[in-house]
Chemist: 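Sharing a structure below in structure tokens format, with a few things to ask.
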Amino acid sequence: MFSTASLPANPDITQRLIDQQCTVQWRGFLQALAAEFAAALPAEDLRALMFRVGTRFAAEHPLPTCATLDDLQRSMAAVWDRIGWGGVRLQQAAAQLDIHHDLSPLSAAFGPGHAPWSGGFLEGVYQSWFEQAGAAQLRVAQSAPADAWGCIHFQLAR
């Protein structure tokens, strides 16, 4: 289980690790792109756009048929692992499924000021993957803001 409490307390080391989540060759381009998006569209529209980008990503990275929640988590984690996008943990709660995505490069790529709308990408990916798995009647929603490390929490519920 990932915990930001186990990460370095030294702010220089912390910033260096965060910076490594997005390669320097893409960071300037992606941050300029994010700034242009934010100047042209309200945050709600940007979140909806990123959600659609996420559904497209999920369609291009379909998961195999999974018999259990553990199989589903392993399949999701394998996609993220292949592209260096952190990892995912699924935890069953009473009335929902908690989705913890750790170390997403979205904040590092777009800049922390764009975290409120960039998380729509992961929301779209997870929504599509759960629909592929047969849970079309349930909805994925972000339940907490992303932290500086790119850890984002979602819930799957009615």
Side-chain angles (χ1 to χ4, degrees), residues 1-7 17-18 20-23 26-27 30-31 33-34 37-38 40-158:
M1 179 181 258
F2 178 77
S3 167
T4 55
S6 63
L7 295 169
L17 290 171
I18 291 169
Q20 289 177 0
Q21 288 182 284
C22 179
T23 64
W26 285 104
R27 193 174 308 122
L30 292 171
Q31 288 179 359
L33 183 69
F37 281 175
L41 296 169
E44 306 83 44
D45 291 350
L46 287 170
R47 186 166 187 85
L49 173 64
M50 292 302 287
F51 185 94
R52 290 192 310 272
V53 172
T55 60
R56 183 177 300 268
F57 177 92
E60 293 172 3
H61 298 86
L63 301 179
T65 301
C66 298
T68 67
L69 192 58
D70 286 340
D71 290 344
L72 189 59
Q73 178 178 299
R74 276 191 291 278
S75 295
M76 291 173 172
V79 172
W80 298 130
D81 196 44
R82 276 194 307 273
I83 63 171
W85 266 62
V88 63
R89 292 175 287 120
L90 304 177
Q91 295 178 313
Q92 185 65 56
Q96 78 239 2
L97 180 71
D98 293 326
I99 305 162
H100 303 274
H101 189 106
D102 297 326
L103 302 174
S104 157
L106 287 168
S107 289
F110 290 125
H114 302 294
W117 56 262
S118 63
F121 172 78
L122 291 171
E123 197 172 87
V125 172
Y126 288 119
Q127 181 66 49
S128 293
W129 279 344
F130 281 108
E131 287 175 6
Q132 291 172 18
Q137 72 281 14
L138 302 176
R139 290 287 158 246
V140 172
Q142 189 169 338
S143 58
D147 67 16
W149 294 100
C151 300
I152 308 174
H153 297 174
F154 301 91
Q155 291 178 338
L156 177 71
R158 294 196 185 276

Chemist: Indicate the atoms forming the closest heavy-atom contact of Ala109 with Leu30, along with that distance.
Modeler: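 Looking at all heavy atoms of both residues, the closest pair is O-CB, 3.5 Å.
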
Chemist: Which value, rounded to the nearest 0.5 Å, describes the distance between Leu72 atom CG and Gln132 atom CD?
Modeler: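 Atom-to-atom, Leu72:CG and Gln132:CD are 9.5 Å apart.
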
Chemist: Could you tell me whether the side chain of Leu138 reaches within less than 4.5 Å of the side chain of Phe130, counting heavy atoms only?
Modeler: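 No - every pair of side-chain heavy atoms lies 4.5 Å or more apart.
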
Chemist: Which one of Phe121, Trp26, Trp117, Phe37 satisfies the ring pair (Phe, Tyr, Trp, His ring centres under 6.0 Å) criterion with Phe110?
Modeler: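 With Phe110 as partner, ring pair (Phe, Tyr, Trp, His ring centres under 6.0 Å) holds for just one option, Trp117.
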
Chemist: Check whether any side-chain heavy atom of Leu97 lies under 4.5 Å from a side-chain heavy atom of Gln155, and answer yes or no.
Modeler: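 Of all side-chain heavy-atom pairs linking Gln155 with Leu97, none is under 4.5 Å.
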
Chemist: Please find the pair of heavy atoms, one from Met76 and one from Val88, that lie closest to each other, and give the distance.
Modeler: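 Met76 and Val88 have their closest heavy atoms at CB-CG1, 3.7 Å.
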
Chemist: Check for a donor-acceptor pair, side chain of Gln92 on one end and backbone N or O of Gln96 on the other, with a separation under 3.5 Å.
Modeler: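 Yes, because the side chain of Gln92 sits within donor-acceptor range (under 3.5 Å) of the backbone of Gln96.
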
Chemist: For the CG atom of Leu90 and the CG atom of Asp70, what is their distance to the nearest 0.5 Å?
Modeler: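 Those atoms lie 8.5 Å apart.
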
Chemist: Take the angle between the ring planes of Trp129 and Tyr126 and call it parallel below 30°, perpendicular above 60°, tilted in between.
Modeler: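 Answer is perpendicular, since the angle exceeds 60°.
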
Chemist: Calculate, to the nearest 0.5 Å, the distance between atoms NE2 and OG belonging to His100 and Ser143 respectively.
Modeler: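 Going from the NE2 atom of His100 to the OG atom of Ser143 covers 7.5 Å.
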
Chemist: Return the CD to CG distance between Gln127 and Leu122, rounded to the nearest 0.5 Å.
Modeler: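 Separation between the atoms: 13.0 Å.
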
Chemist: Rounded to the nearest 0.5 Å, how far apart are CZ of Arg89 and CG of Asp98?
Modeler: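 Reported to 0.5 Å precision, the distance equals 9.5 Å.
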
Chemist: Closest heavy-atom contact between Gly113 and Pro116?
Modeler: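 Looks like O-CD, 3.6 Å.
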
Chemist: What heavy-atom pair brings Ser107 and Ala115 nearest, and what distance separates the two atoms?
Modeler: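 Heavy atoms of Ser107 and Ala115 come nearest at OG-CB, 3.9 Å.
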
Chemist: Determine the minimum heavy-atom distance between Ser118 and Met50, stating which atoms define it.
Modeler: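 Shortest heavy-atom separation between Ser118 and Met50 comes out as O-CE, 4.0 Å.
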
Chemist: Only pairs at least two apart or in different chains count here, so list each side-chain hydrogen bond (donor to acceptor under 3.5 Å, both in side chains) that has a residue in residues 41-55.
Modeler: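 Qualifying pairs, neighbours excluded: Arg47-Glu123, Arg47-Gln142.
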
Chemist: Got a second to check how far Ser75's OG is from Leu63's CG, nearest 0.5 Å?
Modeler: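 One finds 5.5 Å between OG of Ser75 and CG of Leu63.
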
Chemist: In terms of relative ring orientation, are Trp85 and Trp80 parallel, tilted or perpendicular, with 30° and 60° separating the classes?
Modeler: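 Ring orientation, 0 to 90° scale: parallel.
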
